[in-house]
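Reading through the structure tokens given below for one structure.
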Amino acid sequence: MCGIASYIGNKNAYPIIIKGLKRLEYRGYDSAGICLLKNSLLTYKSKGKVKDLENEFNKRPNSAFIGIGHTRWATHGKPNKINAHPHLSNSERLAIVHNGIIENYDSIKKLLEKKGFKFYSETDTEVLINLIEYEQKSENLDLFESVRSALKQVIGAYAIVVIEKNNLNEIVVARKGSPLVIGIEDGEYYVASDASPIIEHTKNVVYLNDDEVARINIKTGLQIKTVSNKKVSPFVQELALSIEDIEKGGYDYFMLKEIFEQPKSIQSTLRGRIKKNKIKFAGIKDFEKKIIKANRLTIIACGTSWHAGLVASYFFESIARINVDVQYASEFRYRNPVLNEKDVVLSITQSGETADTLAAQKLAKSRGATTLAICNVVGSSIARENDGGAYTHAGPEIGVASTKAFTTQLTLLLLIALRFGKEKSSIRDRDYQRMLIEIQMLPSLVEESLKVDKKIEKISKEFKDSDNFLYLGRGMNFPVALEGALKLKEISYIHAEGYPAAEMKHGPIALIDEKMPVLVIATEDEYYSKIFSNALEVKSRGGRIISIVFDDDDAISKISEHVIKVPKVNKYLSPIISVIPLQLLSYHIAVLRCCDVDQPRNLAKSVTVE
Ligand code: G6P
């Protein structure tokens with residue numbers, strides 16, 4: 001959580017950092033701050049979003065060639081001005097921005113208090129900057145060495161940027177468990193939590209690795225060491241991102257842009273992966289035999305990615321006859337799971353930075369399992385930590401509510417299941433060939449499904465004031481029901497539940513009355529007659545049915561108050577198609593309720609804390 005944007009060079013740092021923070025606001029937006037290094041450390045902080053910070057800055061504007069900035073998602077301490085970053089050391093000579101959690105901050109704090117240090121905020125970050133100051137004073141170290149020395153004592157996760165009064169040539173950065181990228185351009189350096197603030201300045205970047213500390217000095221350049229004092233040669237990479245990828249491109253919200261981008265994103269996911277009727281995955285190839293022989297495939301993920309994992313369990317079981325277990329990463333990591341070298345653990349993650357997924361993956365690896373990942377962000381922590389995997393290539397997803405990440409994950413997972421199905425001959429060749437053709441039609445099928453937008457906008461007006469929603473689906477569309485409910489909850493703050501339709505009669509049916517909107521997802525032929533009966537149960541209790549059906553539907557349409565028709569597809573493609581109207585419904589309802597669609601309250605895009 002939290003976004004870091006910092007700069008050192010020959011330009012005015014403030015506008016560069018503010019723009020960078022706006023690009024990173026999806027990571028957290030409950031307070032923001034900036035510190036400019038001139039003759040002294042000039043600190044500006046505000047509760048709320050980056051635009052509030054701009055107002056604060058405009059009361060006493062200034063300029064400098066060095067600055068560090070932060071947008072926060074609170075962990076230690078309330079989201080207020082005092083707890084906002086940057087934090088200064090007691091002498092006001094050092095300033096820090098930090099993303100992550102210092103787990104042993106309490107014991108360090110007690111130690112520092114005994115040495116006379118005072119603390120003004122409730123944060124772990126203020127403890128860290130004073131530890132750095134203590135190291136500097138007691139050991140007479142320079143900034144770089146004092147940061148390194150302090151980090152040796154720290155347990156937890158961090159990405160930090162530190163500056164020092166009177167040290168106008170350098171900034172010191174470090175990372176462990178939280179991402180940090182350094183952009184390099186002709187004597188100028190940009191430091192950020194991801195590449196989005198950097199891309200408009202340079203394509204040359206260095207991704208800092210765990211346990212690395214970097215001195216960025218405008219005179220001597222970039223020097224990297226590990227915390228344990230080993231020299232590291234910086235590895236400069238070229239960014240594949242473009243500026244259009246991270247701008248709204250005429251849409252009111254990133255979420256809407258990303259919903260409408262899905263045909264293009266799915267096309268990118270498919271690109272180069274089907275050649276002459278064969279499915280190819282370079283990053284998985286070496287583990288194929290292992291997966292086929294594995295005890296089971298355990299999928300770990302959080303949030304929307306967990307829903308993708310649930311859908312994928314149907315793909316792997318039915319198509320490839322592989323035994324699958326799907327776990328919340330946050331639970332799995334504390335379960336003491338029975339794992340050995342015959343297990344394969346697959347993480348699914350958009351950001352590749354979700355702390356629970358990363359920890360669960362590390363646990364699986366430590367127990368001898370083969371670890372693979374389906375990830376969107378290239379070079380992210382999870383992508384780098386596993387044995388193999390594949391990228392979704394959906395492009396940057398900035399809206400906090402995940403949309404294109406989900407449909408591209410499903411596309412990729414379906415392709416992988418098909419590949420194994422073919423290898424194991426658990427799918428008939430005819431079905432395999434047909435599926436390959438249909439998968440390649442997905443971009444145009446999704447394009448077609450997006451045509452329901454105007455109709456959904458109309459329906460949304462009717463239901464925007466509902467207090468509750470129920471989403472029902474069966475089979476592969478049960479996880480889609482969960483995903484539809486999650487989308488509505490997170491961006492419009494309406495309570496919603498997703499249920500397997502048949503389970504409704506074991507409880508949720510009691511909620512149904514003439515005020516209850518019930519989304520019935522009926523896009524799977526196999527379950528059609530069953531879900532029709534479930535829909536009748538809703539209807540006979542007065543529930544207001546909004547159905548998602550194929551374009552040739554008849555029976556369920558007749559008993560629905562509103563019908564949303566999507567193109568008829570193979571059952572394995574149906575979750576990808578039926579989620580589109582649900583994404584649009586949550587979007588329009590949120591807009592009508594004047595909610596901040598891209599930055600819903602209390603949430604953040606990338607949850608890098610437990
Ligand atoms: C957060 C986001 C969700 C996302 C989940 C998992 O809660 O708001 O949209 O699904 O994290 O994130 P990941 O990056 O691991 O897929």
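All values below come from the heavy atoms of this structure, side chains included, with hydrogens, waters and symmetry mates left out. In each ligand, atom 1 is the first atom listed, and ligand 1 is the first ligand listed.
Polar contact with ligand 1: absent for Glu490 (N/O pair, distance under 3.5 Å). Checked against a 3.5 angstrom limit, the closest N/O atoms of Ala401 and ligand 1 fall outside it.
In terms of protein heavy-atom proximity, atom 6 (C) of ligand 1 is closest to Cys302 O, 3.4 Å. In this structure, atom 7 (O) of ligand 1 lies nearest to the protein heavy atom Val607 CG2, 3.9 Å. Remark: minimum distance from atom 1 (C) of ligand 1 to any protein heavy atom is reached at Lys605 O, 3.6 Å. Nearest protein heavy-atom neighbour of atom 8 (O) of ligand 1: Ala604 O, 3.2 Å. Protein heavy atom closest to atom 12 (O) of ligand 1, with residue, atom name and distance, is Thr354 OG1, 3.3 Å.
Taking every heavy atom of Val400 and a limit of under 4.0 angstrom, the matching atoms of ligand 1 come to 8 (O), 9 (O). The contact set between ligand 1 and Ser305, taken as ligand atoms under 4.0 Å from a residue heavy atom, comprises 10 (O), 13 (P), 16 (O). Close approach of ligand 1 to Ser402 is summarised as follows: ligand atoms under 4.0 Å from at least one heavy atom of the residue are 9 (O). Counting atoms of ligand 1 from 1 in the listed order, those under 4.0 Å from a heavy atom of Thr304 are 10 (O).
Each of Gln350, Glu261, Gln262, Glu397 was scored for a side-chain hydrogen bond (donor to acceptor under 3.5 Å, both in side chains) with Lys404, with one residue passing: Glu261.
For the pair Glu353 and Arg27, the salt-bridge criterion is not met [side-chain N within less than 4.0 Å of a carboxylate O].
Looking at Lys487 and Thr304, their side chains do bring a donor and an acceptor atom within 3.5 Å of each other. Defined by atom type and a distance below 3.5 Å, a donor-acceptor pair is present between the side-chain atoms of Arg384 and Asn209. Donor-acceptor pairing under 3.5 Å is lacking for the side chains of Thr411 and Arg273.
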Take Thr523 and Asn477, measure what side-chain hydrogen bond (donor to acceptor under 3.5 Å, both in side chains) needs, and give me the verdict at the end. CA-CA 8 Å; Thr523 51; Asn477 279 311; 3.0 Å; yes

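Within 6.0 Å of the NZ atom in Lys365, the count of heavy atoms belonging to other residues, nucleotides or ligands exceeds 12.
By the 30° and 60° cut-offs, the orientation of the rings of Tyr587 relative to Tyr253 is perpendicular.
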